[in-house]
Enquirer: 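Please read through the structure below; I'll follow up with questions.
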Amino acid sequence: MGPIRTIPLAPSPDIPDDKCPARRKDWWDGLSDEERQEYLAVAPDLIGNLDGIPSLVRDAANRAYLPVLIDSLEQQSAPEARTKLEGLRAIERILTTPLMYLLGIGDEGTGRAIVSYGNPDTSKTVTTHVPDPGTRLNADFAGETLRLTLTTRAQPPSSASIIWLTTHTDRETPAYAEFLSGLSATNTAGDHSP
């Protein structure tokens, strides 16, 4: 058995967390399968939230990180932590629905979650919905996600619908523009509609 390689838990210069999504995609595409698995195992919270990384990879990373995030919030007693915990548990239940992808997750601020019904990388039409600025990561948000799922089922199979909830929900923020650039970088099939 050869030496075990490790990847630092803190952001490293190797992970392009400050570069454009197209460069992140190029970085990811240039890794070997072994390197990709190592990054997923050691830094799912970073990989799962990088725009420009393929949706299947982000989904796998965020699903791996979700129980860690839930466990962390369970250890906290503040009402805000409890609210986010309820939202994450509801999202966890929603993820059992086929064709659901968890493209982003976090507990910063009032919480963040990016959930898609349909794979945005292979869909000809990708729509995004940005909830009202007052929307928080809570059980009600998860209910909105579920309603989106139910209404999207009536759309063509080559489409994806995304709910993008972050601390900054203004469509003009750099974070949202970066997310849309990430969709363009990883999509192999079609158009993107905000």
Enquirer: Would you indicate whether the side-chain heavy atoms of L40 and V57 approach each other to under 4.5 Å?
Expert: yes
Enquirer: When you compare the side chain of T128 with that of Y176, does any pair of heavy atoms fall below 4.5 Å?
Expert: yes
Enquirer: Testing the basics here: between P120 and S55, what is the closest heavy-atom pair and its distance to 0.1 Å?
Expert: CG-OG, 3.2 Å
Enquirer: Measuring from atom OH of Y117 to atom CD1 of I94, what distance do you get when rounded to the nearest 0.5 angstrom?
Expert: 13.0 Å
Enquirer: Once you round to the nearest 0.5 Å, how far does CD1 of I15 lie from CG of L46?
Expert: 5.0 Å
Enquirer: Working to the nearest 0.5 Å, report the span between NZ of K124 and OG1 of T188.
Expert: 10.5 Å
Enquirer: Please step through side chain to side chain contact (heavy atoms under 4.5 Å, CB included) for the pair D45 and V68, ending with a clear verdict.
Expert: CA-CA 9 Å; D45 56 325; V68 174; over 6 Å; no
Enquirer: Would you say the side chain of Y65 lies within less than 4.5 Å of the side chain of I47, judging by non-hydrogen atoms?
Expert: no
Enquirer: Hey, does W164 have a side-chain heavy atom less than 4.5 Å from the side chain of H129?
Expert: no
Enquirer: For a side chain to side chain donor-acceptor pair (under 3.5 Å) check, start with the C-alpha distance between S161 and T127, then their side-chain angles and the critical distance, and finish with the verdict.
Expert: CA-CA 5 Å; S161 291; T127 58; 3.2 Å; yes
Enquirer: Walk me through whether F179 and T166 qualify under side chain to side chain contact (heavy atoms under 4.5 Å, CB included).
Expert: CA-CA 11 Å; F179 175 70; T166 67; over 6 Å; no
Enquirer: Short question: side chain of S158, backbone of T125 - any donor-acceptor pair under 3.5 Å?
Expert: no
Enquirer: To the closest 0.5 Å, what do you measure between CD (Q37) and OG (S32)?
Expert: 9.5 Å
Enquirer: On a heavy-atom basis, which atom in L137 and which in G111 lie closest, and how many Å separate them?
Expert: CB-CA, 3.8 Å
Enquirer: Are side-chain heavy atoms of I163 and P131 found at a separation under 4.5 Å?
Expert: yes
Enquirer: Indicate yes or no: at least one non-hydrogen side-chain atom of R36 is less than 4.5 angstrom from one of W28.
Expert: yes
Enquirer: Can you list the residues that meet the side chain to side chain donor-acceptor pair (under 3.5 Å) rule with E92, with sequence neighbours excluded?
Expert: none
Enquirer: At what distance, to the nearest 0.5 angstrom, does OG of S116 lie from CE of M100?
Expert: 7.5 Å
Enquirer: For the residue pair N138 and T83, confirm or rule out a side-chain donor-acceptor distance under 3.5 Å.
Expert: no
Enquirer: Show every donor-acceptor pair shorter than 3.5 Å between a side-chain atom in residues 101-108 and any protein atom, with sequence neighbours excluded, or say none if there are none.
Expert:
unit_1, atom_1, unit_2, atom_2, d
E108, OE2, R112, NE, 3.3

Enquirer: Taking all non-hydrogen atoms of both residues, which atom of A142 and which atom of A90 are closest, and how far apart?
Expert: CB-CB, 3.1 Å
Enquirer: Checking N119 side chain against D121 main chain: does a donor-acceptor pair fall under 3.5 Å?
Expert: yes
Enquirer: Salt bridge (charged side-chain N to carboxylate O under 4.0 Å, His left out): which pairs involve residues 47-68, sequence neighbours left out?
Expert: D51-R58, D59-R63
Enquirer: Is the shortest distance from a Lys or Arg side-chain nitrogen in D26 or R23 to a carboxylate oxygen in the other one below 4.0 Å?
Expert: no
Enquirer: Is any side-chain heavy atom of I70 less than 4.5 Å from a side-chain heavy atom of L85?
Expert: yes
Enquirer: Ignoring hydrogens, what is the shortest heavy-atom contact between V126 and I162? Give both atom names and the distance.
Expert: CG1-CD1, 3.8 Å
Enquirer: Side chains of N62 and N49: does their closest heavy-atom pair fall under 4.5 Å?
Expert: yes
Enquirer: Out of R89, K84, R82, which one pairs with E74 under the salt bridge (Lys or Arg N to Asp or Glu O under 4.0 Å) rule?
Expert: R89
